[in-house]
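Here is the structure we will look at.
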Amino acid sequence: MDGLEHVPSDGEGKRILLSEKLTMALLIAEKGLSFQIVRASKLLPPCDVLNTFWQCGVDDAGTGVTLHWKPFVLSNREYEMFFSRCRESMGLLETARLESDDFGSWFSHATNTSQRNR
């Protein structure tokens, strides 16, 4: 299918095509422990910061399981679709830079934000 996957309708009868990168990003968001921080803080890093995470190629999945993937970056359009899908599965999210230019410091800031909001 030339790197595209058919997915269910978007509710308006249209078919949506997802790139392999976007499909991988959604799977990582579902299985990876880093996205528990996103769920708890209700914050998602901006595209450039999130792309530093995708480029690392690894995340914990819990119970001794590690996710590995070929590093990639999402385009702005793919990021918009990713953000929309994450809101569907995680509830209302906001994009926030949190004074960070890389995923490591962003996730640390988001963890602190999440703990203060409890």
Side-chain angles (χ1 to χ4, degrees):
M1 267 202 266
D2 297 327
L4 299 176
E5 175 182 328
H6 288 279
V7 296
S9 162
D10 68 357
E12 297 178 4
K14 299 179 218 165
R15 299 286 292 171
I16 300 172
L17 296 176
L18 298 181
S19 70
E20 287 181 13
K21 295 184 300 181
L22 183 53
T23 301
M24 181 61 65
L26 291 166
L27 181 64
I28 295 164
E30 177 186 335
K31 306 287 184 190
L33 291 181
S34 293
F35 279 84
Q36 287 183 3
I37 297 167
V38 171
R39 284 180 193 83
S41 68
K42 297 297 185 187
L43 299 173
L44 189 70
C47 187
D48 63 319
V49 173
L50 190 56
N51 277 334
T52 65
F53 174 72
W54 303 135
Q55 290 174 331
C56 80
V58 65
D59 194 19
D60 290 326
T63 61
V65 176
T66 304
L67 300 176
H68 294 274
W69 61 87
K70 181 179 175 182
F72 63 91
V73 295
L74 295 179
S75 68
N76 287 333
R77 175 71 179 126
E78 289 167 323
Y79 176 83
E80 290 170 15
M81 292 176 72
F82 177 77
F83 181 76
S84 176
R85 293 294 176 117
C86 285
R87 288 185 86 177
E88 289 173 12
S89 65
M90 298 180 202
L92 290 177
L93 295 173
E94 294 180 37
T95 301
R97 180 159 295 280
L98 301 180
E99 301 176 23
S100 302
D101 292 325
D102 66 83
F103 77 93
S105 62
W106 188 93
F107 283 111
S108 292
H109 283 29
T111 298
N112 293 336
T113 299
S114 153
Q115 290 172 349
R116 279 193 305 263
N117 292 338
R118 287 184 181 172

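Any value given below was found using the heavy atoms of this structure, including those in side chains, with hydrogens, waters and symmetry copies removed.
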Could you please spell out the steps behind the side chain to side chain contact (heavy atoms under 4.5 Å, CB included) verdict for Phe72 and Glu20?
CA-CA 10 Å; Phe72 63 91; Glu20 287 181 13; over 6 Å; no

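- Remark: Tyr79 pairs with no residue by the ring pair (Phe, Tyr, Trp, His ring centres under 6.0 Å) rule, at least two apart or across chains.
- Here the straight-line distance linking atom OG of Ser108 with atom CD1 of Ile37 works out to 7.5 Å at 0.5 Å rounding.
- Considering all non-hydrogen atoms of both residues, Leu93 and Cys86 come closest at CD1-CB, 3.7 Å.
- Residue pairs meeting the salt bridge (charged side-chain N to carboxylate O under 4.0 Å, His left out) criterion with at least one partner in residues 29-45, sequence neighbours excluded, do not occur; the list is empty.
- For residues 43-60, the set of pairs meeting the side-chain hydrogen bond (donor to acceptor under 3.5 Å, both in side chains) definition, not counting sequence neighbours, comprises Ser34-Asp59, Asp48-Arg97.
- The nearest pair of heavy atoms linking Cys47 to Asn76 is SG-OD1, 3.8 Å.
- Residues Arg87 and Leu92 form a side-chain contact, since some pair of their non-hydrogen atoms from C-beta on lies under 4.5 Å apart.
- Atom CD of Glu88 sits in a crowded spot, with more than 12 heavy atoms from other residues, nucleotides or ligands closer than 6.0 Å.
- Annotation for Glu94 and Phe83: closest pair C-CE1, 4.3 Å, computed over non-hydrogen atoms.
- Closest of all the heavy-atom pairs between Pro46 and Ala96 is CD-O, 3.3 Å.
- For Ala61 against Leu67, the heavy-atom pair with the smallest separation is CB-CG, 3.8 Å.
- For Phe107, the ring pair (Phe, Tyr, Trp, His ring centres under 6.0 Å) partners at least two apart in sequence or on another chain are Phe53.
- When every heavy atom of Leu43 is checked against every heavy atom of Trp106, the shortest pair comes out as O-CH2, 3.3 Å.
- Of the inter-residue distances, the one linking Thr23 atom OG1 with Ile28 atom CD1 reads 10.5 Å to the nearest 0.5 angstrom.
- For the pair Leu50 and Phe82, the minimum side-chain heavy-atom distance is below 4.5 Å.
- No single ILVMFWY cluster, assembled from side-chain heavy atoms under 4.5 Å apart, contains both Val73 and Met81.
- Residue pairs meeting the salt bridge (charged side-chain N to carboxylate O under 4.0 Å, His left out) criterion with at least one partner in residues 63-83, sequence neighbours excluded, are Lys21-Glu78, Arg77-Glu80.
- For the side-chain contact (heavy atoms from CB on, under 4.5 Å) test, no residue two or more places apart in sequence or in another chain qualifies with Ser89.
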